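All chains are named by letter (A, B, ...) in the order of the sequence lines, taking the proteins before the strands, and each is independently numbered beginning at 1. These figures come from a predicted structure and were not determined experimentally.
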Protein chains: 2
Amino acid sequence: MPSNSKIKFDRSQALKAAMMVFWKKGYGGASLSDLTEAMGINKPSMYATFGNKEVLFVKATEHYVESVDLVHRQQLLAVESDLPTRLKAYLSSVISGQCCENTPKGCYISLCVSEAEGECIPQTAVAKIKEVSQFAYQALVDVFTHDEEAKQRNLHVDAQLHARFLITFLSGTAAMARAGTGQEALLPLVTQAMKGIGL
Amino acid sequence: MPSNSKIKFDRSQALKAAMMVFWKKGYGGASLSDLTEAMGINKPSMYATFGNKEVLFVKATEHYVESVDLVHRQQLLAVESDLPTRLKAYLSSVISGQCCENTPKGCYISLCVSEAEGECIPQTAVAKIKEVSQFAYQALVDVFTHDEEAKQRNLHVDAQLHARFLITFLSGTAAMARAGTGQEALLPLVTQAMKGIGL
DNA sequence: CTTCAACTTTACCGATCGGTACAAAGTAAA
DNA sequence: TTTACTTTGTACCGATCGGTAAAGTTGAAG
């Protein structure tokens, strides 16, 4: 009976490496050479394992959402804190991630959404990136709509407006971080953004 | 004596067309075929007129600053209006430009700054885009620092913070517009952004 | 040690990239 | 019309793109 575990390289580590390359260079800017070199494998191995560049990008995008994006959003649900604290923690967490030294600057999703409008990316990749780009907005809308404290503060009446403002703010910090602005300059902006929604 | 005007195509119109392509696809995404097709000329003519893709990009970027970016900034200097009105007019003008139907969505500069971090763009092109990306921030810092009304409102004490917040906001609307959000959804955010700096 | 299957490496595919040589086509002066 | 010159279109350059066939390497079962 042949054992089914003959993998010579760590698949999830390779996926993480691919995610880093896409995060830094975008879809079009990441060549197969860039990707396979970072993953520590060569092209036929990549093809056998993931299919092609397009599905590799989809897998890398899902990995980003689960391993990076999701962590920040959990700050919104910390039951022991009041709403302003949770929102501030969420915004600060995202910004810190955008400025982290161990990862490319900015936001993987923002970068690829931007690139997607240039019509240089395959269909399924565009669909995936557009899908995940809604998650953060939807999470904020849910908070403003259903959270008890949010209702008390009357934030549920313009839930979409408030969510859109914060997402716009975070898209802005992503662009600023990508351009080189550090978190010591971006974190103070959180207070101003909170003022924008009346908190 | 040979006349020096033998140009068979409109140079500035070709530059504008090139600007549109870079605006939509970025530097790396815009192939010479894309560019020359939009410009209505072929590759040798482009090479003879502008040099190469890199200097074409620099010229196109300068054209963007002069023909698009500068117009918005002039809203800041309208002497007949008070400061909040001028700032609101500036922010709204930029956002309308980001959502304009006749041009690519988003901001040419934001897009290319984002791309520049991927190390897929030549040096001089990166230098130019980083240079012009400072103009808007500097204009806002100048207003908050030197405008009489700004001083009366005590906005000059944290001039850089306020400028950075508004630039972050506009970078955010650029990303949102690029992703497809319309100006009917983005213009209402201006009021919230003004609240962020206490206006 | 042999055998066989899975994995990795090398080498290559057609297409396209940015950039260019060269000759046909067009224009103005003589 | 001839001549001198510039602009244009064609056709091509080496390099790299995403993707793949086939040979070479590895390791465990028999």
Looking at B/E62 and B/K59, does any basic side-chain N land under 4.0 Å from a carboxylate oxygen?
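Judged by the 4.0 Å cut-off on N to carboxylate O distance, B/E62 and B/K59 do not form a salt bridge.
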Could you tell me whether B/R86 and B/D147 make a salt bridge, using a distance below 4.0 angstrom between a side-chain N and a carboxylate O?
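Result for this pair is yes, salt bridge flagged.
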Between [X] ([atom1]) and [N] ([atom2]), how many Å, whole number?
| X | N | atom1 | atom2 | result |
| --- | --- | --- | --- | --- |
| B/L32 | C/dT20 | CG | C1' | 12 Å |
| B/D34 | C/dT16 | CG | C1' | 11 Å |
| A/M39 | C/dC7 | CE | P | 15 Å |
| B/I41 | C/dG26 | CD1 | P | 19 Å |
| A/L56 | D/dG19 | CG | P | 10 Å |

Please determine if A/K53 forms a cation-pi arrangement with A/Y27, meaning its NZ or CZ atom is less than 6.0 Å from the six-membered ring centre and no more than 45° off the ring axis.
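Because its charged atom sits under 6.0 Å from the ring centre and within 45° of the axis, A/K53 does stack over A/Y27.
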Which residues satisfy the side chain to side chain contact (heavy atoms under 4.5 Å, CB included) test with B/Q13, sequence neighbours excluded?
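Checked B/Q13 against side chain to side chain contact (heavy atoms under 4.5 Å, CB included); matches are B/D10.
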Is the phosphate of D/dT16 approached by A/S33 (side-chain N or O, under 4.0 Å from OP1 or OP2)?
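Answer no for this pair, as no side-chain N or O of A/S33 is under 4.0 Å from OP1 or OP2.
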Residue-level proximity of residues 42-55 of chain B to DNA chain D when a heavy atom falls under 4.0 Å
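Residues of residues 42-55 of chain B under 4.0 Å from DNA chain D: B/N42, B/P44, B/S45.
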Plane angle bin for B/F165 and A/F169 - parallel if under 30°, tilted between 30 and 60°, otherwise perpendicular
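Ring orientation, 0 to 90° scale: tilted.
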Please tabulate, one pair per line, all N/O donor-acceptor pairs under 3.5 Å involving side-chain atoms of residues 154-164 of chain B, not counting sequence neighbours.
from   : atom 1 : to     : atom 2 : distance (Å)
B/H162 : ND1    : B/L155 : O      : 3.4
B/H162 : ND1    : B/D158 : O      : 3.1
B/R164 : NH1    : A/A185 : O      : 3.0

